[in-house]
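This report concerns only the one structure given below.
Heads up: numbering here begins at 1 and tracks the sequence. Every heavy atom of this structure was used, including side-chain atoms; hydrogens, water molecules and symmetry mates were not.
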Amino acid sequence: MYYRQINYIVQPGDSLDTISQKFETNAERIKYENQLTSNIIYIGQHLVVPVTAERNIYIVQPGDSLYTIATKFGVSIEELQRINQLRSNTIYVGQQFIIPEEIDEDYYVVQEGDSLSSIAQRFETTVGKIKTLNNLDTNIIYINQRLKVSEIDERQTEYVVKSGDSLYEIARRYNTTVESIIVLNNLEGMNLTVGQRIKIPEYSEVIVNIDGANVRQRPGSNFKVIAQMDRGARLPLIGVQGNWYKVVLFNGNPGWISKTISTLRAYDGSDPIIQILGYYTLSEGPTLPSSYQSFVTNTKNISQNGLFLFRISKDNPTTIDKFGNFTDEEVRNLVRIGHRHNVKMLATVHNLLYAEGVELAKRVIHELVSSEQNMIAFAQNLVRLVERYGLDGVDIDIEDVLEEDRDRLTQLYRVIGRVFDAKGYFFSTAVPSKTGPEDPSVFAKPFDYPKLHLPTDQFVIMLYNEHGWPGSGPGPVVSIGRMEKVLRYAITVMPKEKIVAAVSVFGFDFNLQTGRAAYASFDRAMTLAKQYNKEIIFDKETKTPMFAYTDEQGVNHEVWFENRESIKAKAELADRLGIRGLALWRLGMEDEGIWDMLENEVVVRKAGLEK
């Protein structure tokens, strides 16, 4: 069964049995996910509830009634009372309400005994259609695989006005704002005519147009300032009240900004709309420069930033060491810069590049996951790391793992997820890519996609391992074909909206005599092409630029790298598949034309709405 997780706070009168009834799950699964040793729970306790039915949580606000909540979510009062086991109409501020949602009938999760034939019969379709929708080469399916069983209706991008329509009704129907419709369609007023064609906004944002803008807790200049934004900062729009826009901040919190200091933009989806996670590193020499200049110059087109500055300690794996030479104030300054441009700032914590090599990296993780006590201590130290620097969460980049630690690694992620949910911090993880559950890669086997993603808010799939490793031979770091194959597998086992595709912005100079490959940033690739007077070819099959040359010693080389055109192709694929977006490894090595492309040919959606 395909589970998702709901974070629930125990209410007066709750028991494991009543909670399981509310969410249409079972008490034993709740106990398992929360590592409970008994049925005893207490008011205010945070629980992770695994659910198969579509459910959400709503927290009662001042002025709410059963009628207003039922109207807001399009359900009956009786249904609210039934699901929440209410015995009266009395509710209180802060009370949690379970809200039913429509079930997604376009997907099915494979059960024991299923076959493509039986599934096709159940959904009144054909085996061939299911295989086409899921890009399957064979009839082999597996338990817990998430299959698309019908065409998802395309989002409506245009609406033809009918008699009695108003902008308010159209905006409500398509979950947008009147102001967004007006801006997107260049309307001069509120009047509509029957037969008029209206473009429907898919995404709207406001852009700060002064040097320092206050974001307030409520719509009004007397309310508390909760964030300050620099000129050019972009904030997703979620509502309008009078002269104020309601926006979402980097940490997921709502806020309000005055119309007088910001500009509204609305987009119809004709260009890709994706998030961009940029990875930040220190300088490691002339061929691996610092990410600082790239980051501070391009914050408006970065949604999240992963600071690759922290490593799991080899001496005590429950603790975290600094990775490189930097001061605490330097990190806090990066966080301030990011936050003032509405960028979600994450600590990327990894187990890489120990002097003793990969085997030590595996032993470090083996010790970390050897006990529940270690896992809890590590999760608590992650919280301290976040709070030390004022970050929004973590991006766990554990890569070298013993296959025997597969289940314990999943348990570690459950522990981190519970601790971070209780604190309200963001939990992202970066994992090796795999093309299916039986992918032969030893590197990827310890990572159980169907279970590992469940406690996380974001699942970053690292695609940059197709070529460039010893013995790989020459070729692209990640071709468009492999990228699609990996992502099409991933979206069968987890919500696609959680997935970020991590792609390289660098390439490799392959020495065809020795079989070795040297890093090649975009600038390095351009220098080599100029030095040897070689024309750059854009390989249409892989959608990757490359050229070949012979050096002064007569040795043949091939250079495969990334540029504006190749990254745009990947952005278009991410948008077409409906995943969250792209991660760029690493800032500072890229073609600067990428940023112009993201500014003018892609809409970079800021983070905040996904948690």
Side-chain angles (χ1 to χ4, degrees), residues 3-10 15-16 19-20 25-51 310-321 347-351 354 360-388 393-431 445-459:
Y3 289 95
R4 66 189 185 100
Q5 292 182 325
I6 293 289
N7 301 314
Y8 181 74
I9 301 174
V10 176
S15 67
L16 285 182
I19 294 171
S20 63
T25 185
N26 63 73
E28 287 305 312
R29 180 162 287 278
I30 296 174
K31 287 176 67 176
Y32 173 76
E33 291 294 337
N34 293 276
Q35 298 296 295
L36 301 178
T37 56
S38 73
N39 288 346
I40 298 172
I41 56 175
Y42 53 88
I43 295 172
Q45 183 176 2
H46 289 258
L47 293 178
V48 173
V49 182
V51 296
F310 306 97
R311 184 168 64 184
I312 301 171
S313 173
K314 66 178 182 179
D315 298 319
N316 179 0
T318 68
T319 63
I320 299 128
D321 295 333
T348 296
V349 181
H350 62 88
N351 72 323
Y354 300 99
L360 174 68
K362 292 179 179 180
R363 291 200 301 274
V364 166
I365 301 305
H366 183 69
E367 182 177 346
L368 171 57
V369 301
S370 63
S371 71
E372 184 87 1
Q373 183 179 2
N374 281 358
M375 298 179 195
I376 294 170
F378 180 67
Q380 291 171 340
N381 282 326
L382 289 174
V383 168
R384 294 186 185 100
L385 180 69
V386 168
E387 295 175 347
R388 176 177 178 176
V394 296
D395 176 56
I396 301 299
D397 182 13
I398 291 175
E399 296 187 28
D400 296 313
V401 183
L402 295 169
E403 189 172 351
E404 67 187 73
D405 288 330
R406 174 185 171 103
D407 291 341
R408 285 189 288 268
L409 180 68
T410 300
Q411 178 58 24
L412 171 67
Y413 278 47
R414 289 196 186 104
V415 171
I416 297 171
R418 287 201 303 269
V419 172
F420 270 53
D421 281 339
K423 288 286 187 177
Y425 296 144
F426 191 76
F427 176 25
S428 171
T429 185
V431 301
K445 280 185 177 180
F447 299 87
D448 187 349
Y449 277 24
K451 294 178 182 177
L452 198 64
H453 84 87
L454 288 171
T456 70
D457 298 304
Q458 179 169 273
F459 206 74

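Under the side chain to side chain contact (heavy atoms under 4.5 Å, CB included) criterion, Lys314 pairs with Tyr354, Glu356, Leu360, Val364, sequence neighbours left out. Not a single salt bridge (charged side-chain N to carboxylate O under 4.0 Å, His left out) links Arg311 to another residue, sequence neighbours left out. Listed by chain and residue number, Tyr413 satisfy the side chain to side chain donor-acceptor pair (under 3.5 Å) test with Thr429 (two or more places apart in sequence, or in another chain). Residues meeting the salt bridge (charged side-chain N to carboxylate O under 4.0 Å, His left out) test with Arg363, sequence neighbours left out: none. Residues passing the salt bridge (charged side-chain N to carboxylate O under 4.0 Å, His left out) test with Glu367: none are found, sequence neighbours excluded. Listed by chain and residue number, Asp321 satisfy the side chain to side chain donor-acceptor pair (under 3.5 Å) test with Ser313 (two or more places apart in sequence, or in another chain). Qualifying salt bridge (charged side-chain N to carboxylate O under 4.0 Å, His left out) partners for Asp448, counting only residues two or more places apart in sequence or in other chains: Arg406. Under the side chain to side chain contact (heavy atoms under 4.5 Å, CB included) criterion, Ile9 pairs with Gln11, His46, Gln96, not counting sequence neighbours. Asn381 is linked by a side chain to side chain donor-acceptor pair (under 3.5 Å) to Arg384, counting only residues two or more places apart in sequence or in another chain. Looking at residues two or more places apart in sequence or on another chain, you find no side chain to side chain donor-acceptor pair (under 3.5 Å) involving Lys445. With sequence neighbours left out, the side chain to side chain contact (heavy atoms under 4.5 Å, CB included) criterion links Gln45 to Val10, Leu36, Ile41, Tyr42, Leu47.
No side-chain heavy atom of Phe426 sits under 4.5 Å from any side-chain heavy atom of Val394. Put simply, the side chain of Ile312 reaches to within 4.5 Å of the side chain of Ile365, judged on heavy atoms. A 4.5 Å side-chain heavy-atom check between Val369 and Met375 finds at least one atom pair inside the cut-off. Phe378 is listed as a side-chain neighbour of Ile320, based on a closest heavy-atom distance under 4.5 Å.
Nearest approach of Asp395 to Ser428, heavy atoms of both residues: OD1-OG, 2.8 Å.
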Just list the side-chain donor-acceptor pairs under 3.5 Å for residues 398-405, sequence neighbours left out, or say none.
from	atom 1	to	atom 2	distance (Å)
Asp405	OD1	His366	ND1	3.1
Asp405	OD1	Arg408	NE	3.2
Asp405	OD1	Arg408	NH2	2.7
Asp405	OD2	His366	ND1	3.0

Legend entry - side-chain contact (heavy atoms from CB on, under 4.5 Å) assessment of Thr348 paired with Phe310: CA-CA 6 Å; Thr348 296; Phe310 306 97; over 6 Å; no

Legend entry - Candidate pair Asp397 and Val349, rule side-chain contact (heavy atoms from CB on, under 4.5 Å), full reasoning: CA-CA 6 Å; Asp397 182 13; Val349 181; over 6 Å; no

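In terms of modelled atom types and a separation under 3.5 Å, the side chain of Thr456 and the main chain of Phe459 share no donor-acceptor contact.
We find the CD1-OG distance between Ile30 and Ser20 to be 5.0 Å, quoted to the nearest 0.5 Å.
Ring pair Phe420/Phe427 is tilted by interplanar angle, where 30° to 60° counts as tilted.
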